[in-house]
Amino acid sequence: MKRLLSGIKPTGELTIGNYIGALKQFNEMQKEYETFVFVADLHALTVYNDPKELKEKIRNLIGIYLAVGLNPEYTTLFIQSENMYHANLGWVFECNTYMGEAARMTQYKEKSKNNESVSVGLFTYPMLMASDILMYDADVVPVGIDQKQHVELARNIAERFNNKYGETFKIPEPVIPKEGAKIYDLQDPTKKMSKSDDNEKGCIKLLEDPKSARKKIMSAVTDSEAVVKYDPENKPGISNLLVIYSSLKDISIEDAEKEFENSGYGDFKKRVADVVEEFLTNLQERFNKIMNDGVVDNLLDKSNEKVRKIAEDKVKEVFEKVGVGR
Ligand code: ATP
Ligand code: LTN
């Protein structure tokens with residue numbers, strides 16, 4: 001069985017963009033692949049987080065993984081920092097990546113623009129991400145479009161390492177959702193909906209009050225044309241709402257367009273709001289039950305054993321090949 005691996009940083013609160021761009025794919029693909037999904041908590045350290053809040057977010061993210069439908073029968077869920085080997089392999093990869101190549105990463109360029117106090121970790125995190133992926137010989141890595149470049153870097157690192165030291169790593173493929181690879185801010189539909197942004201009105205959080213999410217949809221920015229049509233260039237607001245609607249209903253964008261052929265924006269928004277409200281209500285019900293059931297720790301302990309074994313074997317092989325240790 002081929003392997004799937006992906007992770008999400010426990011920074012900010014997860015948004016409907018994270019669900020549509022990432023979580024939904026993990027869920028749909030888990031039965032076809034041997035699936036590994038983790039909480040990228042070491043990645044969260046690239047920016048400052050209140051330590052107490054970080055712990056809470058890590059636990060909540062596990063709860064969200066389970067609530068969206070990741071099933072421990074198919075998916076090994078784990079916390080990155082609980083497997084020390086990730087950082088070890090990350091270091092080896094930092095030493096096998098060129099400065100110029102790392103400096104080309106768009107996300108780093110954007111996040112460091114006009115900001116002199118970004119951490120070195122923000123610069124090197126794609127190499128830690130390569131370690132997360134290559135450690136498990138992942139065949140596929142489902143991510144939103146913004147992470148595609150980092151998966152490509154991981155491929156380059158793997159190829160370089162294999163050439164230098166002999167066949168060691170599988171070359172992973174990024175998997176980008178056909179629709180919904182990028183969900184936009186409801187107030188500024190040219191900007192990615194992002195969990196670490198403070199634009200409250202533009203962003204729908206998975207754990208927010210479903211009624212407040214409803215209001216946000218109703219006040220989303222649209223245009224003055226009054227035709228519900230998918231046209232991201234000229235109608236970014238309406239197109240974004242169409243993607244959210246079709247994705248949550250699991251229908252194609254064309255079918256969604258047809259449904260609203262004769263609708264005005266008010267009616268359209270109301271229907272999108274209904275779907276979002278219902279989705280959040282159900283998700284939160286499952287989340288609360290999982291968090292109260294006390295099943296999380298047991299599950300993590302079990303999967304830890306499995307991932308540590310895989311990682312230990314891989315890092316031993318790598319250390320041997322590069323020549324460190326006795
Ligand atoms: P941050 O704002 O903290 O950088 P983020 O919201 O971009 O965070 P990540 O942890 O970087 O979230 O992303 C987790 C996964 O969700 C990645 O696969 C990413 O591509 C995907 N993702 C994040 N935001 C969106 C979005 N607006 N639309 C689609 N996919 C998204
Ligand atoms: N950098 C990713 C999270 C992440 C990840 C990974 C995703 C860390 N390691 C490995 C896929 C595979 C982000 O979304 N910010």
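All heavy atoms count here, side chains included; hydrogens, waters and symmetry mates do not. This one's a predicted model, so the numbers in the text were calculated from it and none came from an experiment. The residues of the chain are indexed from 1 along the displayed sequence. Remember, it's 1-based here, ligands and their atoms both numbered in the order they're listed.
Looking at heavy atoms from C-beta onward, Leu128 lies in side-chain contact with Leu42 at the 4.5 angstrom threshold. Residues Leu77 and Val39 fail the side-chain proximity criterion, which asks for heavy atoms closer than 4.5 Å. Arg160 has its side chain out of reach of Phe169: every pair of non-hydrogen atoms, C-beta onward, lies at least 4.5 Å apart. Between Ile238 and Lys229 there is no side-chain heavy-atom pair separated by less than 4.5 Å. You'll find the side chain of Glu34 stays beyond 4.5 Å of the side chain of Tyr136, heavy atoms only. A 4.5 Å side-chain heavy-atom check between Asp41 and Lys9 finds every atom pair outside the cut-off. Within the 4.5 Å cutoff, side-chain heavy atoms of Val243 are placed close to those of Ile183.
The nearest heavy-atom contact from the protein to atom 2 (O) of ligand 1 is Ser194 OG, 2.4 Å. The shortest contact between atom 8 (O) of ligand 1 and any protein heavy atom is with Lys195 NZ, 3.2 Å. At the top of the distance list for atom 4 (O) of ligand 1, counting protein heavy atoms only, stands Lys111 NZ, 2.9 Å. Of all protein heavy atoms, the one closest to atom 22 (N) of ligand 1 is Asn18 ND2, 3.6 Å. With hydrogens left out, the protein atom closest to atom 3 (O) of ligand 1 is Ser196 OG, 2.8 Å, a heavy atom. In terms of protein heavy-atom proximity, atom 31 (C) of ligand 1 is closest to Gly17 O, 3.5 Å.
Of all the atoms in ligand 1, the ones that sit under 4.0 Å from a non-hydrogen atom of Thr11 are 3 (O). Every atom of ligand 1 is numbered from 1 in the order shown, and the set under 4.0 Å from a heavy atom of Gln147 is 11 (O), 17 (C), 20 (O). Close approach to Lys9 involves these atoms of ligand 1, each under 4.0 Å from a residue heavy atom: 1 (P), 3 (O), 4 (O), 10 (O), 11 (O). Near Lys182, meaning under 4.0 Å from any of its heavy atoms, are these atoms of ligand 1: 28 (N), 29 (C). For ligand 1 and Ala22, the ligand atoms under 4.0 Å from any heavy atom of the residue are 15 (C), 16 (O), 18 (O).
Taking the charged nitrogens against the carboxylate oxygens, Lys216 and Asp209 have no contact shorter than 4.0 Å, which rules out a salt bridge. Ionic pairing of Glu28 and Lys24 is present here: one or more N-O contacts between side-chain nitrogen and carboxylate oxygen are shorter than 4.0 angstrom. Look at Lys309 and Glu305 and you find no salt bridge, because none of the NZ, NE, NH1 or NH2 atoms lies under 4.0 Å from a carboxylate O. Salt bridge Asp255/Lys258: present, at least one basic N to carboxylate O contact under 4.0 Å. Taking a cutoff of 4.0 Å between a charged side-chain nitrogen and a carboxylate oxygen, Lys57 and Glu13 do not qualify as a salt bridge.
Under a hydrophobic-cluster definition in which Ile, Leu, Val, Met, Phe, Trp and Tyr are linked whenever side-chain heavy atoms come within less than 4.5 Å, directly or via other members, Leu4 and Val68 are assigned to different clusters.
With atom 19 (C) of ligand 1 as the reference point, the heavy atom nearest to it among Asp146, Val143, Leu14, Thr15 is part of Asp146. Comparing heavy-atom distances from atom 27 (N) of ligand 1 across Leu23, Ile8, Ile183, Val141 singles out Ile183 as nearest. Which of Gly12, Gly21, Gly144, Ser6 comes nearest to atom 18 (O) of ligand 1 through a heavy atom is settled by distance: it is Gly144.
Checked against a 3.5 angstrom limit, the closest N/O atoms of Pro142 and ligand 1 fall outside it. Checked against a 3.5 angstrom limit, the closest N/O atoms of Gln107 and ligand 1 fall outside it. Residue-to-ligand polar distances place Met193 within reach of ligand 1: an N/O pair is separated by less than 3.5 Å. Inclusion of Lys192 in the set of residues having an N or O under 3.5 Å from an N or O of ligand 1 is warranted.
With no hydrogens or angles considered, a side-chain donor-acceptor pair links Glu208 and Ser212 at under 3.5 Å.
Closer than 4.0 angstrom to ligand 2 sit non-hydrogen atoms from Leu5, Ser6, Gly7, Lys9, Phe38, Ala40, His43, Tyr125, Met129, Asp132, Ile133, Val141, Val143, Gln147.
Within the structure, the closest approach of Ile20 to ligand 1 does not fall below 4.0 Å when heavy atoms are considered. The closest approach between a heavy atom of Ala181 and any atom of ligand 1 is below 4.0 Å.
Other residues, nucleotides and ligands contribute over 12 non-hydrogen atoms within 6.0 Å of the CE atom of Met1.
Ring geometry for His150 against Tyr125 counts as perpendicular: the plane angle is over 60°, on a 0 to 90° scale with 30° as the lower cut.
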